[in-house]
Amino acid sequence: NTAQNLQICPVAKHSALIRALPYDARLIATIADLIDGPPVFWLDQIFLKPARHGAGTNWHQDNAYFHTARPARGVGMWIALNDATVANGTMHVLPGHGQKFEHARDPGSDHHIACVVDETQAVPIELPAGGVLFFAYDIPHCTKANTTDHARAALELHFAHADESALAHVDGRDFWYLESLTGAEADGGVKRWGKRVAGTWADEVAALN
């Protein structure tokens, strides 16, 4: 009878499959194209909304957490781990760049913040399991409650342009990876994980079969 929105953050240390994903060359190229420059891997997390009492995540902009100077050069990657539908509380977005909303502590969470938006223009994003949504740090978004008979989970990764992550390298939290994915500082995960992780995504996927 208690609404729950469960979270694992960070995730990569728990899963070789998820650990390999940010280092995949195709993903790095996609992120670099979206942010117009060299990407830094910032954060990963899983949200799970239990069946029948899964709580949503209230409206917010990711840049209210990350504080990049140019939020269009930061991007969230939201991956549906189960089919994500309106009925089970999929992601909703408010299209349009440039507006900065005031955020305050979310009273329903022990660490989230939230903002108030005009939901009349909101767009629900329904995705099959494995489907992916990319959105910039300044795009307001939320998820809704899951009242269906099945749990719904999503994996979210965050990236930013290398120039935008400079402040985070100074003030970063212990669950921020801040991993350079291209250039001289990129080592394919050797420093963080003790071995090269880049190039292992296909093998990790194959191992599931």
Side-chain angles (χ1 to χ4, degrees), residues 7-47 57 60-81 91 93 97-98 100 103 111-113 130-139 141 153-208:
Q7 184 180 14
I8 303 173
C9 180
V11 184
K13 65 181 180 180
H14 302 292
S15 167
L17 175 73
I18 294 173
R19 189 181 310 146
L21 178 56
Y23 300 97
D24 182 74
R26 294 167 300 173
L27 177 56
I28 293 172
T30 298
I31 298 298
D33 187 51
L34 289 171
I35 64 175
D36 193 27
V40 170
F41 176 41
W42 205 313
L43 173 67
D44 62 7
Q45 53 193 323
I46 284 177
F47 290 94
T57 301
H60 66 281
Q61 295 168 296
D62 284 348
N63 209 46
Y65 293 101
F66 298 133
H67 304 294
T68 61
R70 286 170 285 186
R73 297 211 300 180
V75 63
M77 176 184 180
W78 193 81
I79 306 171
L81 300 183
M91 180 78 78
V93 301
H97 287 288
K100 181 179 180 181
H103 288 70
H111 63 290
H112 288 145
I113 55 178
V132 179
L133 166 69
F134 294 98
F135 56 93
Y137 280 1
D138 61 349
I139 297 297
H141 58 285
L155 169 65
E156 190 166 4
L157 285 73
H158 290 88
F159 305 86
H161 192 289
D163 292 347
E164 301 300 323
S165 69
L167 178 62
H169 277 282
V170 176
D171 298 330
R173 306 178 190 185
D174 58 4
F175 53 84
W176 287 359
Y177 297 104
L178 301 174
E179 184 96 13
S180 296
L181 299 175
T182 61
E185 295 185 12
D187 65 1
V190 173
K191 182 177 180 180
R192 178 168 298 279
W193 304 112
K195 61 181 180 180
R196 186 170 179 82
V197 179
T200 64
W201 169 251
D203 291 338
E204 294 296 339
V205 172
L208 298 176

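All figures in this text were calculated on a predicted structure; none of them were measured in a lab. As a basis for the values below, the full set of heavy atoms in this structure was taken, side chains included, without hydrogen atoms, waters or symmetry mates.
Contact annotation: the side chain of E179 approaches that of D187 to within less than 4.5 Å [non-hydrogen atoms, C-beta and beyond]. Taking 4.5 Å as the limit, some side-chain heavy atom of H112 sits within range of a side-chain heavy atom of Q7. With a 4.5 Å cut-off on side-chain heavy atoms, Y137 and T68 count as touching. For the pair V190/K195, no side-chain contact is recorded, criterion being any heavy-atom separation below 4.5 Å from C-beta on. Side-chain contact between Q45 and P10 is absent, with no heavy-atom pair separated by less than 4.5 Å. Side-chain contact between I28 and F159 is absent, with no heavy atoms from C-beta onward closer than 4.5 Å. Using a 4.5 Å heavy-atom threshold, the side chains of V11 and K13 count as separate.
Side-chain contact, H60 with H141: a donor N or O sits under 3.5 Å from an acceptor N or O. The closest side-chain donor-acceptor pair between D62 and H158 falls under 3.5 angstrom.
Taking every heavy atom of both residues into account, A162 and V40 meet most closely at CA-CG2, 3.7 Å. Shortest non-hydrogen contact noted between L43 and F41 is O-CE1, 3.3 Å. Looking at every heavy atom in both residues, A198 comes nearest to Y23 through CA-CB, 3.6 Å. The heavy-atom pair separating T182 from P39 by the smallest distance is OG1-CD, 3.8 Å. Contact detail for A12 and R19: the closest heavy-atom pair is O-NE, 3.1 Å. Of all the heavy atoms in V75 and L34, the pair that sits closest is CG2-CD1, 4.2 Å.
Rounded to the nearest 0.5 Å, atoms CG (L17) and OG1 (T200) are 9.0 Å apart. Atom-to-atom distance recorded for N63:CG and E164:CD is 8.5 Å, nearest 0.5 angstrom. The NZ atom of K191 sits 15.5 Å away from atom CZ of R196, with the distance rounded to the nearest 0.5 Å. Rounding to the nearest 0.5 Å gives a distance of 5.5 Å between CG of L157 and CG of D44. Atoms CG and CD1, on L133 and I79 in that order, are 10.5 Å from each other to the nearest 0.5 Å.
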Exercise for the section: Check the pair W42, Y177 against ring-ring contact (aromatic ring centres under 6.0 Å, His included), reporting the backbone distance first and the verdict last. Expected result: CA-CA 5 Å; W42 205 313; Y177 297 104; over 10 Å; no
Exercise for the section: Report the C-alpha distance between L27 and W201 in whole Å, list the side-chain angles of each, state the deciding distance to 0.1 Å, and finish with yes or no for side chain to side chain contact (heavy atoms under 4.5 Å, CB included). Expected result: CA-CA 11 Å; L27 177 56; W201 169 251; over 6 Å; no
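You'll find the ring centres of F66 and W176 inside the 6.0 Å limit.
Between R73 and D163, at least one side-chain N (NZ, or NE/NH1/NH2) sits under 4.0 Å from a carboxylate O, which counts as a salt bridge.
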